[in-house]
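As the structure is a computational prediction, the values presented were derived from the model and not from experiment. A, B, ... follow the sequence lines: proteins, then strands. Residue 1 opens every chain.
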Amino acid sequence: MKKYVPSNIEPKWQKKWAQEDLNKTDLSNTKNKYYVLVELPYTSGDLHMGHWFTFTMGDILARFKRRQGCNVLFPNGFDAFGLPAENAAIKQKVHPRDWTYQNIARMKEQFGTMGVSIDWQKTAITCDPEYYKWNQWIFLKMLERGIAYRGKALSNWCPSCQTVLADENVEAGKCWRCGSEVVKKEVMQWFLKLTHYADKLLWQNPPQVDWPKPLIEAQNDWIGKSEGINITYEVAGTNEEIVCFTTRPDTNFGATFIVLAPEHPLVLKLSDEEYKNKVKEYIDQSAKKSELQRKENKEKTGVFTGKFAINQLNDEKMPIWVADYVLMGYGTGAVVGVPGHDRRDFEFAKKFDLAVKRVVVGKDGDTSAITQIEQVQEKEGKMVNSSFLDGLDIHQATKKIMDYLEKKGWGKKITIYHLHDWSISRQRYWGTPIPVIHCDNCGVVPVAEKDLPVELPYQVDYQPQGKPPLATSEDWVLVKCPKCGGKASREVETMDGFVDNSWYFYRYLDSKNEKSIFDKDLIANWIPVNIYIGGAEHTVGHTLYSRFFTKFFHDLGLISFDEYALKRVHHGVILGPDGARMSKSRGNVVNPDEEVKKYGADAIRLYLMFLGPFNIVTAWNPDNVNGAYHFLQRVWGLQEKVTGNSLQLTDKDLKLMHKTIKKVTEDIGQLKFNTAIATLMEWLNYLSKKDKVLLEEYKILLQLLAPFAPYITEELWSISGEKYSIHQQPWPQSDNKYLQEVEVSLPVQVNGKVKDVLLIQKDILDNKEVIEKMALTAEKVQKFLSGKSVKKVIYIPGKVISLVVSN
RNA sequence: GCUGGUGUGGUGGAAUGGCAUACACGCUCGCCUUAAGAGCGAGUGCUCACAAGGCAUAAGGGUUCGACUCCCUUCACCAGCACCA
């Protein structure tokens, strides 16, 4: 017997599998279709352990389902546009495109090493013009329907770099690149109207598909639907009105002030001369604050405008303030302050000495004046000091006053959402060009469909210099207006990379289609995908966006389903050996290539799957990799004991074999890979103790292990003279005949504690009296019965017999 | 602060109302070896010098003949969201 040396066998099979193209899926055969989708990797350079973990899971499922007779589609692609590519390229002085395609070649090779059975014919690379052409096509369709639009929004703005910055790129209020102070600025940008689909994106209860509960909760919170009322207040001594959104109009008799967000359009207009300077100063200050700073400092700040609004309910004058705890991005950017029943309003009132009124009875019937924050009763109670609302429960009061305010014409019921539209503009080079042309005469003119794709020019100065890189490429920018033929220029912004990866799994099926985004019938047959494996970090990003695209495709009439994945699972995370997230800066990265050199791909796959449940978050443990390797070596060593059919399998052999088949099959089906492997280990422990192992059982062992460890099983299969390939063998079936137990071990409990275990013949298992007698007379049980009386006997057939005993 | 989740040996974990600690790692002892490593065998929750027994699934309480599992309270940790009116 040769020694088990993974590096001697793995490359050999890799080559053969690649040649024979075993994983190619015939899409025209839709019988028992099964689409395994794993989040496409970002082209960052090398596959990391996380990729191994996730793709091994997908691969095991794909191999398992194929052998159960399913027509499996297991594709993969590359998420190839984005900031990291551009930054890496700038650093290494390589063109982002070259850098990206080099990485793709390398990563594909590494996927080969991993031994995953991906069908590379069905693929998508998001930076290929043949892919992003359809990004642009979708954008045009959205533009036609008003789902894509151009508008202004407050953003982090670096005045020296002349670009919008993500919150993550603002460090202590300063630009990460040039160090100048970042300000809030209204910037014209492209949006996708997520809010149009807010209600459709909201998950129903129960959900239509099997997605993780935490994701569903988080998405619904993110969408944040809330029903309330816009109340209009007159500003005393002016013709102006202020509209405030509130979900708690029931407390309106307790309103004592109004607060406007610093960005509210009325702020300066309303401010009295003597207060104007202070108000201006305050607005400037808060504009300079980044989102981060606003969140960090929760101490309330604000300034008075000098004006008052009138509460129609009781004709009281409410001072109008400006404060940055009110956000322009939510509701109307103006809030009516009810300090007695809102903690934030209370803090604000305390700080600036504003009146506090009680309108809801507190805990234990407290009706005293509210002076402490603990007395601020927010979510329940009965109304008081509120005229016609007195005595009502707050929820009844809310209904009553909403109707009242509407009838009086003072308010209008409205539903608002926390969800915002999606800003997709990026002042960057390495992304999908937004396919519009700006013309002085005609405004924004969409590029004609026949002129797609608008290709990204190669020769561009993508070094940072204060304007979008594409703007420097004049040949590309300057075009004739498609409408009037006059001077015009291309849009120089590119799309957020999350646009690209919101719909890639559709294109996988029809990636060469030049005429349309995809063939409708093909999609109807193959999507929704059966299982989508990905990371929990995409809860409110990618998975929400891709659901949004699906809703949009539905409206275009391209598809007829509502959700694109029947099941979504969040994989776990492999941390560094030190228990922290792997990162180059920490120096705790475990490089898969090096581990493969030491142990082979099979051992790494097995180790990762044996760690625990698929969603485990745990540290890399070199000792345990050794354990997985050890197991494979023992499987390898078993071939010495294998013998032909001169011997018969014993009853015990057969029982254990069929039990193992059943358990492994069930476990893989439920993604319980760790216990499936444990079951195989138990069986191996049994087989290793036998003098001879029969070919019949050895073959089954290899077949069950094959999805986890594709190389060693293929090799051993071939060594034992079986026909290529093990991965095309039908999945072993367990036979019920061997699963019937003749004897059952039955625990006997005395007052809930197990005292003995009886071996019971199966045919008397239903005979309560006999069992009872056996239990009562068992020696170990007797010891606990002396001097006591048996009160009650509970027998659960086949499971347990429980005696209740007392003195 | 809100939402969701988790808590079991020295370690990763198994068991989702019925024999707690499967499987693996680590450790200890033994065999083999000139030696190291690898391999093979035995042991390994705590307590009790052994045995018999008792105790143990974050802490406390409850439901049940029976609870890691269901319910309540508290604590700790993880993740996401967070001045959302």
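- When heavy atoms are screened at a 4.0 angstrom cut-off, A/Ser745 is found touching base atoms of the nucleic acid.
- Nearest to the side-chain atoms of A/Tyr330 among the listed nucleotides B/A85, B/G12, B/A24 stands B/A85.
- A/Ser583 places a side-chain N or O within 3.5 Å of a backbone atom of A/Arg586 that can act as its donor or acceptor partner.
- Atom CG in A/Asp623 sits about 13 Å away from atom C1' in B/G10, given to the nearest Å.
- Using a 4.0 Å heavy-atom cutoff across all strands shown, A/Lys755 reaches sugar-phosphate atoms only and no base atom.
- Within 3.5 Å, no donor on the side chain of A/Glu537 pairs with an acceptor on the base of B/G80, nor the reverse.
- Within the structure, every side-chain polar atom (N or O) of A/Lys213 is placed at least 4.0 Å from both OP1 and OP2 of B/G4.
- Backbone-only contact: A/Leu611 has heavy atoms under 4.0 Å from sugar-phosphate atoms and none from a base.
- The side chain of A/Phe784 has B/G54 as its nearest neighbour among B/G54, B/A24, B/A15.
- Distance check on atom C1': B/C72 versus B/U64 gives 16 Å, rounded to whole Å.
- Per the geometry, CD belonging to A/Glu666 stands 12 Å off P belonging to B/U16, to the nearest Å.
- Nucleotides B/A59 and B/U6 have their C1' atoms positioned 16 Å apart, rounded to a whole Å.
- You'll find that the side chain of A/Val540 is closest to B/C81, out of B/A24, B/A14, B/C81.
- The shortest distance between the side-chain N/O atoms of A/Asn230 and the OP1/OP2 oxygens of B/A85 is not below 4.0 Å.
- For B/A58 and B/C50, the C1' atoms lie 33 Å apart once the distance is rounded to whole Å.
- A donor and an acceptor atom never sit less than 3.5 Å apart when one is taken from the side chain of A/Thr675 and the other from the base of B/C23.
- Comparing the C1' positions of B/C70 and B/C25 gives an interatomic distance of 33 Å, to the nearest angstrom.
- Regarding contacts with the backbone of B/C25, a side-chain N or O of A/His630 is found under 4.0 angstrom from either OP1 or OP2.
- Rounded to an integer number of Å, the gap from A/Glu217 CD to B/G5 P is 7 Å.
- B/G9 shows a glycosidic angle within 90° of 0 and is accordingly assigned syn.
- Heavy atoms of A/Gly627 sit under 4.0 angstrom from primed sugar atoms or phosphate atoms, though from no base atom.
- A cation-pi arrangement, defined by a distance under 6.0 Å to the six-membered ring centre and an angle within 45 degrees of its axis, is absent between A/Lys225 and A/Tyr417.
- For the residue pair A/Gln219 / A/Arg547, a side-chain donor-acceptor distance below 3.5 Å is found, with atom types taken as modelled.
- If you check every strand for non-hydrogen atoms under 4.0 Å, A/Val754 touches sugar and phosphate atoms only.
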Open item on the list: Both atom distances under 3.5 Å, Watson-Crick or G-U wobble: I'd like the secondary structure of RNA chain B as a dot-bracket string, with | for pairs made across strands.
Closed with: (((((((..(((.....[....)))((((((.......))))))(((.....)))..(((((..]....))))))))))))....

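- Side-chain nitrogen and oxygen atoms of A/Asn674 include at least one within less than 4.0 Å of the OP1 or OP2 phosphate oxygen of B/A14.
- Contact check for A/Ile700 versus A/Trp683: side-chain heavy atoms found under the 4.5 Å cut-off.
- Taking atom NZ on A/Lys672 and atom P on B/A14, their separation rounds to 9 Å, with Å as the unit.
- Distance noted for atom C1' between B/A49 and B/G60: 35 Å (whole Å).
- Counting only heavy atoms from C-beta outward, the side chains of A/Glu743 and A/Lys762 never approach each other to under 4.5 Å.
- Between the CD1 atom of A/Ile801 and the P atom of B/G66 there is a distance of 16 Å, given to the nearest Å.
- Rounded to whole Å, the separation between the C1' atoms of B/G54 and B/U3 comes to 43 Å.
- A/Thr398 and A/Asp250 share a side-chain donor-acceptor pair at under 3.5 Å.
- With rounding to whole Å, A/Lys300 atom NZ is found 12 Å from B/A85 atom C1'.
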Open item on the list: salt bridge (charged side-chain N to carboxylate O under 4.0 Å, His left out), that's the test. Do A/Arg568 and A/Glu39 meet it? Break it down for me.
Closed with: CA-CA 11 Å; A/Arg568 159 100 182 161; A/Glu39 269 166 15; 2.8 Å; yes

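- Atom NZ in A/Lys663 sits roughly 10 Å away from atom P in B/A14 (whole-Å rounding).
- Using a 4.0 Å heavy-atom distance criterion, A/Thr539 is classed as making no nucleic acid contact.
- For the pair A/Asn615 CG and B/U6 P, the interatomic distance rounds to 10 Å; values are reported in whole Å.
- Between A/Phe348 and A/Trp321, the distance from one ring center to the other falls under 6.0 angstrom.
- Rounded to whole Å, the separation between the P atoms of B/G61 and B/C48 comes to 25 Å.
- Residue A/Glu682 is classed as a sugar-phosphate contact, given heavy-atom separations below 4.0 Å to backbone atoms only.
- Between B/U69 and B/A42, the two C1' atoms lie 34 Å apart (nearest whole Å).
- You'll find the ring centres of A/Tyr607 and A/Trp620 inside the 6.0 Å limit.
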